[in-house]
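First the proteins, then the strands, lettered A, B, ... as listed; each starts at 1.
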Amino acid sequence: MVGVVGIELHVPDIERELAELVRQIPRGRVTTYRALAEALGDPGAARFVGEWLMGPGAEGLPVHRVVHASGDVGRFAFGTWEEKANLLSAEGVQVVGRRVSPLPRYFFWDFKGSRPLAALRAEQEELSRKAIISPLPPVERVAGLDVAYRDGVAVAALVLCEKDGEALDFVTAEVPVRFPYIPTYLTWRELPCYLAAIRKAEEAGLRADVYLVDGNGILHPRRIGIATHLGVILDLPTVGVAKRRLCGEVNTEGMVVGEWRPVVLEGDTVGAAVRTGRNRTLFVSPGHRADLESSVELTLSLVREHPLPEPLRWAHELAGEAASLF
DNA sequence: GCGACAG
DNA sequence: ATCTTGTCGC
Ligand SMILES: [Mg+2]
């Protein structure tokens, strides 16, 4: 048995935390998107902060007090940049042209919060030590996992294929979206939906020898992308297959179809850039109970006409289809 | 303006 | 990821 019953992932309410932080900015002061991201626990979340403050969830919050690190007032979700500048001026913040000046005089950074992303990073650091990198076991059946979205709902598809790529069966599962997309924290956005799909597959008697996941394995700053995370918590062989590069260095110039080159991160080979189509490069990395060579070999063995390995091509297709029916 | 972080 | 018809490029 896979043993997914009972396995859950704690997902922090990062949007509520962000709202609490924005409320802390005093009248007459400003902060930056980056400072808020750091208060959430990771400056890499600055883009998420900006997107969220521009959305409907930020209504009623003093979002006009959040500006660019350059001092530029930037955009305003509930009006023009001029209106944002006027609101700041009315609060005693000097705005020259489009810029808060001097920014240091008004800069607020002393946020009180739980830094949720730092806690998630700690979980990753802890779990990544449990990842086992070894050749894949003999493979007869392969599963592909992907997620599609529609209004606040995440729909995962798990497709079971023969080792030659022939699709056998599939299940889909829906779960409310509880976490945004923040680079290196994809696990908290998509793993709950994968767990629901694997649970349903188990009930339906669908079992695979290895699971291909749309995302990374150890090709990750902390060596624990979603494929590795899934593999470790369920102790399943997993392989990560991403369509774009998250981190690491590799030169993909002049690659030919079927060729692969190592992706190096901090001196470690953590994955491979694999040319699967005339103009298509995938980023393959071991998840758990897999190594780079067997992961690349498996991926290439499952590529037919489409540049994605068949289980993932079907999972993408079926998740999108199921989401559109919602 | 350029570079640019999975989904 | 999502919004979306035909279209330009490798
Ligand atoms: Mg996906």
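- Put simply, CG on A:Asn86 and CD on A:Glu91 are 11.5 Å apart, with the number rounded to the nearest 0.5 Å.
- Regarding A:His68, its NE2 atom lies at a distance of 15 Å from the P atom of B:dG1, rounded to whole Å.
- In the set B:dA6, C:dT2, B:dA4, B:dA6 carries the atom at the smallest distance from any side-chain atom of A:Leu186.
- The six-membered or imidazole ring of A:His229 lies near that of A:Trp188, with a centre-to-centre distance under 6.0 Å.
- Closest approach to the A:Asn279 side chain among B:dG7, C:dC10, B:dA4 is made by C:dC10 (side chain taken as heavy atoms from C-beta onward).
- B:dA4 atom P lies 23 Å from atom OH of A:Tyr33, rounded to whole Å.
- For the OP1/OP2 pair of B:dC5 and a distance below 4.0 Å, the side-chain nitrogens and oxygens of A:Arg245 include at least one atom meeting the criterion.
- If you check every strand for non-hydrogen atoms under 4.0 Å, A:Arg244 touches a base.
- Comparing A:Arg278 and A:Arg150 by the nucleotide of DNA chain C that holds the closest heavy atom to each, the one mapping nearer the 5' end is A:Arg150.
- Base engagement by A:Ile226 is indicated by at least one non-hydrogen atom pair under 4.0 Å involving a base atom.
- Using a 4.0 Å heavy-atom cutoff across all strands shown, A:Tyr149 reaches sugar-phosphate atoms only and no base atom.
- A sub-4.0 Å separation between OP1 or OP2 of B:dA6 and a side-chain N or O of A:Lys243 is absent.
- The residue A:Tyr185 sits close to a base: some heavy atom pair falls under 4.0 Å.
- The side chain to side chain contact (heavy atoms under 4.5 Å, CB included) test with A:Thr276 is passed by exactly one of A:Val241, A:Leu282, A:Val257: A:Leu282.
- No hydrogens or angles considered: a donor-acceptor pair under 3.5 Å links the side chains of A:Asp291 and A:Ser294.
- In this structure, A:Glu51 atom CD and C:dT2 atom C1' are separated by 12 Å, rounded to whole Å.
- For the pair A:Leu145 CG and B:dG7 C1', the interatomic distance rounds to 14 Å; values are reported in whole Å.
- A salt bridge between A:Arg223 and A:Asp268 is present, with a side-chain N of the basic residue lying under 4.0 Å from a carboxylate O of the acidic one.
- The CG atom of A:Leu230 sits 15 Å away from the C1' atom of B:dA6 (whole-angstrom rounding).
- With rounding to whole Å, A:Leu265 atom CG is found 12 Å from B:dC5 atom C1'.
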